[in-house]
2 protein chains.
Amino acid sequence: MSDPKIRNMEDFAAVSGISRPTVSKYFNDPDSVRKSTREKIEAALKKHNYRPNIYAVNQNRRQTKNIGLVVPNLTDPFFAGIARTIEGLIVKAGFNPLLLSSHGGPEQEIANLDSLRSIKPAAVLLAPLGRASLDEQVAEFAREVPTVLFDANLDNVGEAFFGSDNEQSVNLIVEYLCRSGEAPAFFEVRQPINPNAYKRRTAYKAAMERLGHEPHLIQVDGQGWNFEEIGFREGARVLTSRKLPTNTILCSNDRLAIGLLSAAYENGIRVGLREGDALRIAGHDDHPFSRFTCPSLTTVSQNYDAIAARSVETALLLIESKERMKTREETLFEGKLEMRGSA
Amino acid sequence: MSDPKIRNMEDFAAVSGISRPTVSKYFNDPDSVRKSTREKIEAALKKHNYRPNIYAVNQNRRQTKNIGLVVPNLTDPFFAGIARTIEGLIVKAGFNPLLLSSHGGPEQEIANLDSLRSIKPAAVLLAPLGRASLDEQVAEFAREVPTVLFDANLDNVGEAFFGSDNEQSVNLIVEYLCRSGEAPAFFEVRQPINPNAYKRRTAYKAAMERLGHEPHLIQVDGQGWNFEEIGFREGARVLTSRKLPTNTILCSNDRLAIGLLSAAYENGIRVGLREGDALRIAGHDDHPFSRFTCPSLTTVSQNYDAIAARSVETALLLIESKERMKTREETLFEGKLEMRGSA
DNA sequence: TATAGAAATTTACGCGCGTAAATATTGTAA
DNA sequence: TTACAATATTTACGCGCGTAAATTTCTATA
């Protein structure tokens with residue numbers, strides 16, 4: 001840009017004709033200096049494109065401008081989407097998001113929190129895996145760093161939780177399925193990784209009983225996050241070998257449903273609402289791809305814009321007040337029925 | 001853990017009975033100190049769980065241990081997958097990966113590079129968007145920071161490039177389609193965001209001509225990264241309104257194909273290889289979901305394990321040698337045919 | 001034009017660590 | 001035991017910035 005190499009704030013202050021402490025003030029808050037001063041600095045900024053050394057800044061500031069964001073699995077488009085939304089909100093608030101994925105593993109989750117610790121974030125947004133084994137370590141982290149949970153709740157961990165009202169959403173789709181056809185069976189993995197899955201199972205049973213139907217769980221074996229694979233493999237077994245008590249299947253999540261749809265297709269079982277269709281399949285979450293399955297997947301969408309917004313909002317509040325919450329807030333948002341072709 | 005609060009390396013050195021400079025040496029390389037010293041430090045480490053302040057460390061070290069990783073769009077499972085693989089390799093090498101997504105926008109890409117700059121990474125792995133408008137800024141970045149490109153190439157930018165051999169892979173699938181049925185038309189967006197898309201178009205034309213067929217491009221309008229949406233919307237128009245010159249369509253990527261499959265389904269057009277199927281559809285990339293479409297998608301897989309491995313390897317080499325490459329390396333890996341149900 | 005209050009400057013210190021040079025201590029081999 | 005090399009310690013400085021206190025300069029109002 002210009003001749004004299006700008007090595008630090010000292011140099012930059014010199015070329016801009018302002019003292020270093022004032023320049024420092026400017027970078028912490030441009031509006032905290034006089035307009036004429038601000039203009040001088042910004043003029044110099046255009047010429048020399050200097051930026052404060054982030055390490056020196058963070059070493060001396062009481063608080064960093066970093067906000068950690070930990071999701072269970074970035075290869076799941078659902079979490080990729082919500083992560084992106086949250087990132088945007090964090091940036092808009094003038095903070096620096098640090099996105100980490102736990103890749104489905106509790107150890108990685110702990111490792112993520114550990115590496116966040118060393119970055120000294122002002123706050124952390126965490127969508128926990130919810131594996132009991134390591135929950136105490138997560139809780140310990142949340143005691144050290146202001147933490148907001150989202151998507152999945154852990155009892156009494158963090159300052160607040162924002163997620164979906166599984167009871168409401170499952171009830172919504174069960175009711176819909178019951179009034180539009182046969183009562184659904186519930187398709188899920190036997191030992192889910194996600195705490196929400198347990199809530200959905202319970203909610204399914206309750207909804208069925210309330211409506212005067214007998215719940216029917218189809219629990220299949222499967223580990224990890226390959227839900228499509230599990231849904232496909234185990235779905236094929238269920239569809240071909242077992243006698244289904246109903247022609248309607250509600251899946252614990254959309255990714256299972258996608259696998260199950262594929263299994264049905266491979267086995268020549270027509271899914272949908274049209275004349276001659278033999279099976280109805282519904283999901284939960286409104287996965288980005290669920291509108292492009294064949295047939296398109298009827299499901300319940302989560303209000304993740306609201307979840308993202310409130311989570312970030314709360315984290316910013318914690319940062320601003322420099323205090324912890326007096327009472328832990330738990331807010332559940334309602335799901336919305338997405339009626340499509342599969343059920 | 002213990003009574004005396006450890007605030008810094010000074011304190012920690014005191015409780016471990018070792019001098020601070022030696023402790024500093026230990027943290028830079030545990031093997032650089034005598035075994036008995038190492039054991040003392042590690043004993044203290046277990047008691048007090050001290051960790052060096054990362055900001056102070058990075059301020060003073062000549063080089064950070066950070067490696068930047070920028071992908072075009074994390075909500076695309078393809079990139080989420082390769083990002084995860086690369087992250088793992090970086091961690092294994094003892095470095096700290098910083099994952100950023102450009103969310104499909106060139107401005108965001110520049111913003112990402114900008115924020116990486118302030119983190120002073122030892123190297124950066126970049127899968128560029130390849131929008132001509134801002135390429136010069138990317139090139140400028142690569143001149144400042146050792147940069148390895150992957151997935152998409154930019155002429156003469158960065159120290160090396162690793163990606164797929166689109167010519168080979170497209171040729172592979174065109175040949176397969178031609179010998180197993182009618183020659184394919186090529187379905188793509190008119191003005192792709194991805195440089196690879198142009199290469200594939202060219203490769204398609206060349207392959208067709210070599211095989212004695214007339215190329216047929218089906219170019220549709222569409223902006224951004226909603227490929228499924230584009231494939232669905234425009235695919236429906238093409239399938240219903242236009243006279244297709246062939247019963248076989250090769251899509252520029254799997255996500256377009258997923259949308260197109262959905263459009264075909266909605267319009268009652270049976271896709272596949274079975275008796276009575278009216279259309280064959282093939283894709284490119286081997287998207288994680290492509291084996292669960294209905295029917296499962298025939299496509300070409302990219303060797304992204306190799307791409308990831310070589311990219312990281314090269315970045316580490318650059319870091320170690322503290323030099324730039326003498327000659328810019330470009331390595332293309334071959335695709336593999338994934339024969340499934342759709343073509 | 002005088003004057004109070006706001007803003008900028010000067011001066012100075014500290015953050016936690018890397019790193020270098022000189023010195024002291026340890027370990028190893030003859 | 002001696003002697004030499006490998007390690008550790010002591011001492012000291014610097015990195016780039018935040019921040020505080022005292023002082024000076026500026027701006028707005030009477």
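Within every chain, numbering begins at 1; the chains are lettered A, B, ... in the order of the sequence lines, protein sequences first and strands thereafter.
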Rounded interatomic separation in angstrom, taking [atom1] from [X] and [atom2] from [N]:
X: B:E10; N: C:dC17; atom1: CD; atom2: C1'; result: 10 Å
X: B:I18; N: D:dA8; atom1: CD1; atom2: C1'; result: 8 Å
X: A:Q59; N: C:dG14; atom1: CD; atom2: C1'; result: 9 Å
X: B:R62; N: C:dC17; atom1: CZ; atom2: P; result: 18 Å
X: B:Q63; N: C:dC17; atom1: CD; atom2: C1'; result: 18 Å
X: A:F12; N: D:dC15; atom1: CZ; atom2: P; result: 20 Å

Would the distance check show the side chain of A:S101 and the main-chain N or O of A:L74 forming a donor-acceptor pair, the cut-off being under 3.5 Å?
yes
Under 4.0 angstrom, heavy atoms only, what part of the nucleic acid is B:N28 near: base, sugar-phosphate, or nothing?
sugar-phosphate
Categorize B:Y50 for me: base, sugar-phosphate, or nothing, with a 4.0 angstrom heavy-atom threshold over every strand shown.
sugar-phosphate
Tell me which nucleotide among D:dC17, D:dG14, C:dA8 gets nearest to the side chain of B:N60.
D:dG14
Between A:F78 and A:Y304, ring centroids under 6.0 Å:
yes
Run the salt-bridge test on B:E144 and B:R117 with the 4.0 Å N-O cut-off and return the result as yes or no.
yes
State, yes or no, whether a side-chain contact exists between B:L126 and B:V138 at a heavy-atom distance under 4.5 Å.
yes
Nearest-nucleotide check on DNA chain D, A:S36 vs A:R20; residue mapping nearer the 5' end is A:R20
